[in-house]
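Working notes, structure below.
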Amino acid sequence: ETHPMYGRGEASSIGPVEGRHTVIARTNAALFEEAVTLYPDHWLGFVGGIQGYRFSLIVDTYYLYANAPYRIRDSYIKSFGSFAELRQFAETVKDWELTARCKLVEQYRHQIPELVAYITAKAVADLDQADVVLTTAHKSKGLEFTQVKLTDDFIHLMQSGTEPLPPEKVDPDEVNLIYVALTRTQARVEVPPALAQFHQVMSGSEPMAIESPPGVEDAHQVTPAAAL
């Protein structure tokens with residue numbers, strides 16, 4: 001099922017993407033997880049190049065998990081005495097990226113080095129040659145894509161099945177990232193279940209209104225048709 005979504009002009013639709021598309025994530029870790037599912041059958045293009053997503057840090061985090069500190073290259077990760085210490089620190093300081101990376105390591109464990117190698121081998125430098133383009137919300141600013149799929153690592157705006165979070169409990173910077181990701185589209189955007197639920201509760205069958213929050217890029221940077 002699709003629903004119209006309006007930016008500052010023409011309508012785009014909310015619904016499953018088909019064929020060539022772009023994946024936009026909140027974190028590098030979520031982008032890696034998407035790449036794990038895609039690399040066997042797709043050539044992958046990373047906006048700005050795969051090196052900018054620092055998948056090597058996932059490998060180093062795995063080496064900490066595997067008790068192989070002598071293989072860790074990153075000095076920051078190497079400064080932790082154990083994986084448990086790193087994970088506790090990430091949760092304490094509410095570091096989204098680091099927490100997500102730790103969860104990845106716990107999920108894929110000894111497959112991590114091999115997966116990073118496979119994904120790197122399937123990455124193409126020319127985005128036009130990619131079957132699927134991958135990027136983060138931060139790196140996607142100012143860009144446009146025909147179809148966009150958002151990952152499920154953006155802030156969840158619901159506190160229960162039918163109640164949205166009160167504004168004072170929502171980080172406006174995180175809401176801005178959702179706005180940026182949504183407005184990259186020219187035709188269709190596929191949203192994760194949590195965001196779809198928020199849309200349904202807040203607007204029912206009405207189109208999803210995309211209004212620019214304070215501090216987000218100006219209208220001239222997001223064309224009327226850009227709703228991906």
Would you say [X] and [Y] make side-chain contact, with heavy atoms under 4.5 Å?
X: Phe154; Y: Leu195; result: no
X: Val47; Y: Ser140; result: no
X: Leu57; Y: Tyr76; result: no
X: Leu157; Y: Ile178; result: yes

**Message:** Using 0.5 Å steps for rounding, measure from the CG atom of Asn28 to the CG atom of Leu98.
**Reply:**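 Result: 12.0 Å between the selected atoms.
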I'd like a table of donor-acceptor pairs (distance under 3.5 Å, sequence neighbours excluded) in which one partner is a side-chain atom from residues 127-137, with atom names and distances.
residue	atom	partner	partner atom	Å
Asp131	OD2	Trp43	N	2.7
Thr135	OG1	Tyr53	OH	3.3
Thr136	OG1	Lys139	N	3.3

**Message:** Could you list the cluster mates of Tyr70? Members are the ILVMFWY residues connected by side-chain heavy atoms closer than 4.5 Å, either directly or through other members.
**Reply:**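 Reading the cluster by chain and number, Tyr70 sits alone, since nothing else belongs.
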For [X], which residues count as a side chain to side chain contact (heavy atoms under 4.5 Å, CB included) partner, sequence neighbours excluded?
X: Tyr118; answer: Tyr39, Glu114
X: Glu168; answer: Pro166
X: Glu174; answer: Arg26, Trp96, Ile155, Asp171, Leu177
X: Pro69; answer: Asn67, Ile72

**Request:** Only counting residues at least two apart or in another chain, list the ones meeting ring pair (Phe, Tyr, Trp, His ring centres under 6.0 Å) with Tyr62.
**Result:**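 Tyr62 satisfies ring pair (Phe, Tyr, Trp, His ring centres under 6.0 Å) with His110 once adjacent residues are dropped.
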**Message:** Once ring pair (Phe, Tyr, Trp, His ring centres under 6.0 Å) is applied, do any residues pair with Phe83, and if so which ones, sequence neighbours excluded?
**Reply:**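 So Phe83 forms a ring pair (Phe, Tyr, Trp, His ring centres under 6.0 Å) with Tyr65.
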Could you check whether any side-chain N or O of [X] sits under 3.5 Å from a backbone N or O of [Y], counting only pairs where one atom can act as donor and the other as acceptor?
X: Gln147; Y: Glu18; value: yes
X: Arg188; Y: Pro16; value: yes
X: Glu190; Y: Val17; value: yes
X: His42; Y: Pro40; value: no

**Request:** Please report the C-alpha distance between Ile119 and Ile50 in whole Å, then the side-chain angles of each, then the deciding distance to 0.1 Å, and finally whether the side chain to side chain contact (heavy atoms under 4.5 Å, CB included) criterion is met.
**Result:** CA-CA 9 Å; Ile119 291 167; Ile50 191 172; 4.1 Å; yes
**Message:** I'd like to check the side chain to side chain donor-acceptor pair (under 3.5 Å) partners of Ser75; sequence neighbours left out, ordered by chain and number.
**Reply:**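 None.
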**Request:** Name all residues meeting the side chain to side chain donor-acceptor pair (under 3.5 Å) criterion together with His156; count only those two or more places apart in sequence or in a different chain, and write none if there are none.
**Result:**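 Side chain to side chain donor-acceptor pair (under 3.5 Å) list for His156, sorted by chain: Asp152.
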**Request:** Of all the heavy-atom pairs spanning Ala30 and Thr27, show the shortest one and how long it is.
**Result:**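 Taking Ala30 first and Thr27 second, the nearest heavy atoms are N-OG1, 3.1 Å.
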**Request:** Output every pair passing salt bridge (charged side-chain N to carboxylate O under 4.0 Å, His left out) with a member in residues 90-101, not counting sequence neighbours, ordered by first then second residue.
**Result:**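 For residues 90-101, and leaving out neighbouring residues, the salt bridge (charged side-chain N to carboxylate O under 4.0 Å, His left out) pairs sorted by first residue read Arg87-Glu91.
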**Within residues 28-45 or reaching into it, pairs that qualify as salt bridge (charged side-chain N to carboxylate O under 4.0 Å, His left out) - sequence neighbours excluded** =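 Residue pairs passing salt bridge (charged side-chain N to carboxylate O under 4.0 Å, His left out), neighbours aside: Glu34-Lys149.
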**Request:** Using side-chain contact (heavy atoms from CB on, under 4.5 Å) as the criterion, point out the one residue from Leu104, Leu86, Ile112 that pairs with Thr61.
**Result:**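 Per the side-chain contact (heavy atoms from CB on, under 4.5 Å) rule, the option paired with Thr61 is Leu86, out of Leu104, Leu86, Ile112.
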